[in-house]
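Quick note on labels: first sequence line is chain A, next is B, and so on, each numbered from 1. All values reported here derive from a predicted model rather than from experimental measurement.
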Amino acid sequence: MGDKFQLIHDVSPGTAGWTVKVVVAEKFSPRVAQRSPTKYQNLILMDSEGSTVQATLYGQNITTFQDELILGKTYLISNALVKETNAEYKAKYGEIQWTISGRTRIRRVEENNSNILISTYSFTDFEDLPMYMDSNVDISKFDTVLLTMWEAFVDNECKYICQNLKKKPVLIGKHLKVTSFNGLSISTKADSSFFIDGEFELVEEFKSWTHTNSEIIDNMISEKHYLTSTPSKLFSKLSVPTDEKDFTEIKSIQGLKTVKQFFWIKGRASVKVLNQTYWYMSCNNCNKISSENYGDIYPCVFCKCTDAKAIPRAKVYMQLTDPTGYINATAIGNPAEYFLQSNAEILMNQTLIPTAASMRLSMDEYEIFYVKAITQESSPDCKFEILFIVNPSQIAGDKNKGKAPVEHIDEPIKLLEPTTKRSLFHSDTDDAQSSKKNVISQELRVRKKINEF
DNA sequence: CCCCCCCC
C-alpha cells in the first residue's frame, strides 16, 4: 500500500502538504481526563511499513468520527495536527502524536490491509472487537434551537425541565449539561441564562406545559426589543440594557473564574496580534470546521448534510477594552466581519499580514458588546466570545430600547410541577430564601445523579 | 453556538 504517499515517520510538526495511508490498528474506548472533564479517545494508526503513531480525538469529535475511523479499515489522512509528545511520555507513546479534528481530511480507501496488522500483531479477530465501548459518550447532533430564560424562569422552569428529562444530567465543568439520546443540552448558571440546544425529546408533562404556555413565551420573546450591528438569528431577541448598572466593567471580569455567563460591555475592540488567521473553512449548513476546499460540495461529518458547501467564515482574536481594563475575546462570523469591516472571502484571500488599510483593526468609538464567558476545561480562567456588537447610534432615541418583557405579563404561569411554589414572575423578597434553597437542593439532586452515573 | 486547545 505504500507508493505515492508519505509514511508516518515522514511527518513532523510543521510538515506541510502530507498525506499518509494508514490502517486503524487499535481503537481505545473514549475516556474522561483525570483532572478535567475533557473526553479523549486514542487510536493507533499504522502505515505500510508497520510504523505506528498515536492519534487522539477530543470531545464531540469522538462521536463525530466514530464512523469515519473504523478499526481495521484503511484511510488517507492529511492535515492532522502533528505535535511532539510531552517529554515524559515519549518513551511510552512515541515521539509524535496526531490530533484528529474537523480540520483533518480523512478519506476511506477500499483496501484490505489487514495483513499489515496481522504481521505486526498476533491477534486476527480485530473485526470482532467491540469498537465503541462507551455508548454514553456524547450526542451526535447539534442543530441549535436556543431558548434563553431569565430571572424567575431560571429558578422554576429550568429546574423543572431538568427534573423531567429522560436522561440523567451530567455536570460538565461549571455548566449543568443535560443530554438526551437525540440531542439536547441545557446549560445554566444560577443567576443567568438558560439554554436548550438541539432537537430534544421531553416527557409528556413538559410537552403539555410548553404547549399551554407557548403563547406567553412567544409574547415574552417578541416583546424584547432588539437591534444589533451583527444580527444573529440566535440572539436576535435580546435587548440592549438601558440601565447603566446592567453593563459590566471589564475589570470585574478579568481573570473571571465562574459566576455569570453573559455580559453587556461598553468598550472598544482592537486587534493586538496581527499575525493570526482571520477565517476558517466552514460548513455552510452548520458552521463547523471543514477540511474541504472552498466551494467544494461534501458530506459534512458534523451535521451529516450530504451536500454541504465549504465556505470561509470570519474569525478574529481581539482585545476588548473599557476605561477599567481589558480582556481578550474571540469573535466569529457576523461580529467578526462587522468589527473588521471585511468579509470572510476577502479575509481568506488576504495573504499578507493585514494593515489598517485592509481592515478595521481598532474601533474609534465605543460600541456595545454582548459577551459570553466560557468556563474552560483546561484553564481556571474563562475565555470570552463576542456574540454580537451594537453600535450605540443604532439605539439612540429608540423608545423601545431595553423594554423588559416581564413587565407586560400580568398573569402568573402555573407550573405543573406541584412542589414548585413560586410563580413565574413573582420574584420578590419573601420567596427569595426558599427559592435559594430550592436551587441548592436541585444542585444536590443533580450531583447525586451524577454520582449514580 | 462557531474557531483554538485538550489526554495519558
Exercise for the section: On DNA chain B, check which nucleotide each of A:I332 and A:T85 is closest to and give me the residue with the more 5' one. Expected result: A:I332

Where the side chain of [X] is defined as all heavy atoms beyond and including C-beta, which of [options] is the nearest nucleotide?
X      : options             : answer
A:Q34  : B:dC6, B:dC8, B:dC3 : B:dC8
A:R313 : B:dC2, B:dC8, B:dC4 : B:dC2
A:L81  : B:dC3, B:dC7, B:dC5 : B:dC5

Interatomic distance, [X] [atom1] vs [N] [atom2] [rounded to whole Å]:
X      : N     : atom1 : atom2 : result
A:I44  : B:dC8 : CD1   : C1'   : 11 Å
A:K383 : B:dC6 : NZ    : P     : 12 Å
A:F302 : B:dC3 : CZ    : C1'   : 11 Å
A:Y40  : B:dC6 : OH    : P     : 14 Å
A:L57  : B:dC8 : CG    : P     : 15 Å
A:K372 : B:dC3 : NZ    : P     : 12 Å
A:K83  : B:dC4 : NZ    : C1'   : 11 Å
A:N287 : B:dC4 : CG    : P     : 13 Å

Going by side-chain hydrogen bond (donor to acceptor under 3.5 Å, both in side chains), name the residues that satisfy it together with [X], two or more places apart in sequence or in a different chain.
X      : result
A:K272 : none
A:N287 : none
A:R105 : none
A:K266 : A:E244

Quick check on contacts: within [range], what sits under 4.0 Å from DNA chain B by heavy-atom distance?
range                       : result
residues 268-283 of chain A : A:Y280
residues 92-107 of chain A  : A:Y93, A:Q97, A:R103
residues 345-354 of chain A : none

Problem - Which residues share a salt bridge (charged side-chain N to carboxylate O under 4.0 Å, His left out) with A:D243, sequence neighbours left out - result: A:K245

Practice task
Could you tell me whether the side chain of A:P13 reaches within less than 4.5 Å of the side chain of A:I96, counting heavy atoms only?
Solution key: yes

Problem - Inter- and intrachain pairs under ring-ring contact (aromatic ring centres under 6.0 Å, His included), touching residues 270-296 of chain A, at least two apart - result: none

Exercise for the section: Could you tell me whether the side-chain ring of A:Y317 sits stacked on the base of B:dC4, using a centroid cut-off under 5.5 Å and a plane angle under 30°? Expected result: no

Problem - Residues, nucleotides or ligands: over 12 heavy atoms within 6.0 Å of A:Y298 OH - result: yes

Problem - Contact list for residues 337-355 of chain A, test salt bridge (Lys or Arg N to Asp or Glu O under 4.0 Å), sequence neighbours left out - result: none

Practice task
Kindly state each residue pair satisfying salt bridge (Lys or Arg N to Asp or Glu O under 4.0 Å) with at least one member in residues 350-361 of chain A, sequence neighbours excluded.
Solution key: A:R360-A:E367

Practice task
Can you run down the side chain to side chain donor-acceptor pair (under 3.5 Å) pairs that involve residues 87-104 of chain A, sequence neighbours left out, and say none if there aren't any?
Solution key: A:E84-A:K90

Practice task
Can you check whether any acceptor in the base of B:dC6 is under 3.5 Å from a donor in the side chain of A:K39, or vice versa?
Solution key: no

Exercise for the section: Classify the side chain of A:E88 versus the base of B:dC8 as yes if they form a donor-acceptor pair under 3.5 Å and no if they do not. Expected result: no

Practice task
Quick one: closest heavy-atom pair of A:W18 and A:N79, and the distance?
Solution key: CZ2-N, 3.7 Å

